[in-house]
Amino acid sequence: KDRSGILSYTSLASGAGVARNDEIWNISEIGHTLYFQSFTSVYIYDYNVVKRVAAPSSMLFFFRVGDRFIAQAIDQGLYWFDGSAFDFIEGSEIFASHKVHALIEFSPGEMWICTSNDGIYVFDGAGFRYLDSEISGYLKEASCNAGLAVNDSLIVFGTILRGVVLCDRNGRILDAYDYSNGLNNNTVLSLFLNSEKGLWIGLDDGANYLRTN
């Protein structure tokens with residue numbers, strides 16, 4: 001607000017070295033610091049100044065894991081990002097050609113890395129293995145677009161072709177919802193879990209709400 005109480009616009013991009021036509025795709029906050037992810041960079045704002053950190057190559061996706069991030073660099077693989085530099089994750093070359101659409105962290109020793117059409121991989125912090133399961137096969141056909149854990153034993157995925165699908169920790173499918181049994185359409189763009197474990201499903205056409213309990 002200015003002195004008269006009117007809200008005025010202040011651009012954070014001014015003087016931040018933002019590339020022409022750069023687009024912001026994700027915004028996260030860790031410890032009173034904001035991280036803006038574009039295809040080319042991460043812009044870090046501590047409520048005083050904006051600092052730009054260039055990515056190793058164009059970034060498709062950027063996921064928060066604890067107090068740092070995992071970024072996918074096109075044609076390279078996965079990188080840790082600690083807020084100041086990118087560090088390549090050994091063995092992640094398999095994701096140079098597999099688009100990652102969701103990352104689900106159960107513990108530091110178990111993360112599910114969910115690709116759009118190549119199933120799910122488990123990352124234990126040191127290496128990757130394919131999760132040979134019912135849900136991996138399903139997502140290959142349905143095109144995974146989002147995912148999250150409701151709790152330690154219930155996982156939900158949003159797809160491009162078949163709405164939402166729920167599975168357990170072993171990858172066994174428990175239920176599925178699409179246009180035929182409740183959703184407005186089959187294309188899921190985003191998922192959000194509220195404090196009451198209610199699932200908001202962002203669709204290509206509106207939104208739906210699912211009580212997971």
(request) Dump the intermediate steps for side-chain contact (heavy atoms from CB on, under 4.5 Å) on S143 and N117, then the final yes or no. (result) CA-CA 5 Å; S143 294; N117 294 101; 2.8 Å; yes
(request) State the OG1-CZ distance between T115 and F95, to the nearest 0.5 angstrom. (result) 7.5 Å
(request) Evaluate the criterion side-chain contact (heavy atoms from CB on, under 4.5 Å) for residue pair V165 and L139; output intermediate values, then yes/no. (result) CA-CA 9 Å; V165 57; L139 293 176; 4.1 Å; yes
(message) Starting from V122, can I reach M111 by hopping between I/L/V/M/F/W/Y residues whose side chains sit under 4.5 Å apart?
(response) no
(request) Drop me the distance from F128's CZ to I89's CD1, to the nearest 0.5 angstrom. (result) 5.0 Å
(request) Kindly say whether E29 contributes a backbone atom to a donor-acceptor pair with the side chain of R64 at under 3.5 angstrom? (result) yes
(request) Could you tell me the separation between the NZ atom of K51 and the CG atom of D46, rounded to the nearest 0.5 Å? (result) 9.0 Å
Under 3.5 Å donor-acceptor pairs involving side-chain atoms of residues 179-192, not counting sequence neighbours:
| from | atom 1 | to | atom 2 | distance (Å) |
| --- | --- | --- | --- | --- |
| S180 | OG | D178 | OD1 | 2.5 |
| N181 | OD1 | D178 | N | 2.7 |
| N181 | ND2 | A176 | O | 3.0 |
| N184 | OD1 | N208 | ND2 | 2.9 |
| N185 | OD1 | T187 | N | 3.0 |
| N186 | OD1 | Y179 | N | 2.7 |
| T187 | OG1 | I160 | O | 3.1 |

(request) Check the angle between the aromatic planes of Y130 and Y121 and answer parallel, tilted or perpendicular using the 30° and 60° thresholds. (result) perpendicular
(message) Could you measure the distance from the NE2 atom of H101 to the OG1 atom of T159? Nearest 0.5 Å is fine.
(response) 12.0 Å
(message) Taking salt bridge (charged side-chain N to carboxylate O under 4.0 Å, His left out) as the definition, give me every residue that meets it alongside R172, ordered by chain and number, with sequence neighbours left out.
(response) D168
(message) For the CD1 atom of I201 and the CG atom of L203, what is their distance to the nearest 0.5 Å?
(response) 6.5 Å
(request) Check whether I173 and I104 end up in the same hydrophobic cluster, where Ile, Leu, Val, Met, Phe, Trp and Tyr are linked by side-chain heavy atoms less than 4.5 Å apart. (result) yes
(message) Test ring pair (Phe, Tyr, Trp, His ring centres under 6.0 Å) on F157 and Y138; report intermediate values, then the result.
(response) CA-CA 10 Å; F157 293 100; Y138 186 93; 9.4 Å; no
(request) Report, as yes or no, whether the 6.0 Å neighbourhood of atom CD on E141 holds more than 12 heavy atoms from other residues, nucleotides or ligands. (result) no
Using distance only, find each side-chain donor-acceptor pair of residues 73-88 under 3.5 Å and give its atom names and separation, not counting sequence neighbours.
| from | atom 1 | to | atom 2 | distance (Å) |
| --- | --- | --- | --- | --- |
| Q76 | OE1 | Y79 | OH | 2.3 |
| D82 | OD1 | S84 | N | 2.9 |
| D82 | OD1 | S84 | OG | 3.0 |
| D82 | OD1 | A85 | N | 3.0 |

(message) Do Y43 and Y35 sit in one hydrophobic cluster, given that two such residues count as connected whenever their side-chain heavy atoms are within less than 4.5 Å of each other, even indirectly?
(response) no
(request) Could you check whether the rings of W112 and F106 sit parallel, tilted or perpendicular, using 30° and 60° as the cut-offs? (result) perpendicular
(message) Classify the ring geometry of Y45 against F36: parallel below 30°, tilted from 30° to 60°, perpendicular beyond 60°.
(response) tilted
